Number of protein chains: 2
Amino acid sequence: MSPEQTRPRRRGRPSSPVLSREGITTAAIRIVSTRGYRDLTMASLARELGVSTSALYNHVSSKRDVMLLLQDRLNEQIDTTGFQSLPWDQALRRWAISYRDCYIRHTELIPIMAVLPVADAPQTLVMYERVTAALEDAGIPGPDAVDVIVGVEALVFGAAYDASAPADIFDPGRRADLAPRFGRAAAARDEDARAAADRAFLFTLDSLIDGLRRRVATE
Amino acid sequence: MSPEQTRPRRRGRPSSPVLSREGITTAAIRIVSTRGYRDLTMASLARELGVSTSALYNHVSSKRDVMLLLQDRLNEQIDTTGFQSLPWDQALRRWAISYRDCYIRHTELIPIMAVLPVADAPQTLVMYERVTAALEDAGIPGPDAVDVIVGVEALVFGAAYDASAPADIFDPGRRADLAPRFGRAAAARDEDARAAADRAFLFTLDSLIDGLRRRVATE
DNA sequence: ACCTGAACACCGTTCAAGT
DNA sequence: ACCTGAACACCGTTCAAGT
């Protein structure tokens, strides 16, 4: 109940700043999880924090900067624990599944994440270090390990989009005449679109890991 | 030199319309290839066509509609010829490479393409039909064939982003202390970032197709 | 039916002015 | 150093008015 405790005060300063990069990130996550990316604007972010929009620019350089903070915070929660206890192929599988789970709810970050220089994202860098170390320890040469990371990431991002697609994405509709066999094949898949997307992802991921295992073993 | 020939005239009409969906699509492609997606606005599109911005809305319902037309026109040029002459695995490889080549120059369309109901894109539907038919003829059950398409597409989209990334994407910069092994492994890769991206993609694609071939054979 | 010009409701970003 | 309020340069989209 003592207001002094809610925010640490520094000597000689009239008051602590209202805003911080951490606070902005937290507010951004709150908006995104409750209202979605469409409602994440610099104005809504400022309103959530009780300041004017221009105040944000004392702490972040742009909206892209906000998205970057958001993304690095998110990457912290991707599961890399498998690399400490499991064989590399099983660890890779667990990592990929967790990675995709995260980005299914944040597809708007994919165009940023996919081309982001890692130097700007410390948590992402930490994640890459863990994966690289585990793959190298398993006998995979470093450059190949990076290729594996790049390849699995590509699949993960694309599959995250697919899982976030509308349920009728493969329904040919009134143009069914253009694709009779595809139409039948798609209709014969899973009843639930999300379940179908999950199955296709796991099928592809397991096939890829199979292929990687063979290449690593025979080289 | 006869102005009547430049545009077919219909009887009883005062004049033919200036705009058409095809013409808008062509103009959009022209802008995108010369100046990039950043310069593709409804205003720039109208200027390119010599009309007012609001005139466009007599032919397209939104900018998203324009992006859709663009994307369907693009998918026409993806190489599916392999499916008529090569074994399914080699054909799939050629298709994936051509698919990625196309979207490397059009990453802005990926978020639309990846979640687009196929009913809105006839050329895309035709492409899917060709792939499905070839895979089914090779003995792969229809639903599995769709899973293969979905999986390869996911890899293609993610890899297209990767190839369009800046050259320094894997340079840890001043945070190299956070990821020493990853930093070394990344530096030991190809000198040219694009060449490295190509190599990683082919490595992953070939591993995936290896894995798919085994699964299809053993099931 | 199709086009124009003006207006609308937003965006992200900047900057002088305050404390 | 950090915040406010006003302004700026855009967006995509709508709509009454013209032919």
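Every chain is numbered from 1 and lettered A, B, ... according to where its sequence line falls, protein lines coming before strand lines. Quantities reported herein were computed from a predicted structural model and do not represent experimental measurements.
An OP1 or OP2 oxygen of D:dA1 is reached within less than 4.0 angstrom by no side-chain nitrogen or oxygen of A:H59.
With rounding to whole Å, A:D65 atom CG is found 14 Å from C:dG12 atom P. C:dT13 atom C1' lies 16 Å from atom CZ of A:R64, rounded to whole Å. The distance between atom OH of B:Y37 and atom C1' of D:dG12, rounded to the nearest whole Å, is 18 Å. When rounded to the nearest whole Å, the span between CZ of A:R47 and C1' of C:dC10 equals 12 Å. Rounding to whole angstrom units, CG of residue A:L56 and P of D:dG5 are separated by 14 Å. Spacing between atom CG of A:L45 and atom C1' of C:dG12 amounts to 12 Å, rounded to whole angstrom units. Between B:I24 atom CD1 and D:dG12 atom P the separation is 14 Å, expressed in whole Å. Rounded to an integer number of Å, the gap from CG of A:L49 to C1' of D:dC2 is 14 Å.
Remark: A:T124 OG1 to B:R175 CZ distance equals 11.0 Å, nearest 0.5 Å. From B:R73, atom CZ reaches atom CD1 of B:I29 across 5.0 Å, with rounding to the nearest 0.5 Å. From A:T132, atom OG1 reaches atom CD1 of A:I140 across 10.5 Å, with rounding to the nearest 0.5 Å.
Residue B:T41 is in sugar-phosphate contact alone, with no base atom involved, counting any heavy-atom pair closer than 4.0 Å across all strands shown.
Using cut-offs of 30° and 60° on the angle between ring planes, the pair A:H106 and A:Y103 is perpendicular.
Of the candidates D:dC3, C:dG12, C:dC3, C:dG12 carries the atom nearest the A:K63 side chain, counting heavy atoms from C-beta on. When each of D:dC3, C:dC3, D:dG12 is scored by its nearest atom to the side-chain atoms of B:M42, the top-ranked nucleotide is D:dG12. Side-chain atoms of B:S62 lie closest to D:dT13 of the nucleotides D:dC3, C:dC3, D:dT13.
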Between A:E136 and B:R184, does a salt bridge (Lys or Arg N to Asp or Glu O under 4.0 Å) hold up when you go through it step by step?
-> CA-CA 12 Å; A:E136 280 189 341; B:R184 268 194 303 275; 5.9 Å; no
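Residues passing the side chain to side chain donor-acceptor pair (under 3.5 Å) test with B:T80, sequence neighbours excluded: B:R130.
Paired regions of DNA chain C, where each region holds three or more successive Watson-Crick or G-U pairs whose two hydrogen-bonding distances fall under 3.5 Å, are C:4-8 with D:12-16, C:12-16 with D:4-8.
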Report, as a single string ordered 5' to 3', how protein heavy atoms within less than 4.0 Å touch nucleotides 14-19 of chain C: B base, S sugar-phosphate only, - not at all.
-> BB----
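Contact record, A:A119 with B:P172: CB-O, 3.5 Å, taken as the closest heavy-atom pair.
For the pair A:W95 and A:I149, the minimum side-chain heavy-atom distance is below 4.5 Å.
One N or O on the side chain of B:S164 and one on the backbone of B:Y161 form a donor-acceptor pair closer than 3.5 Å.
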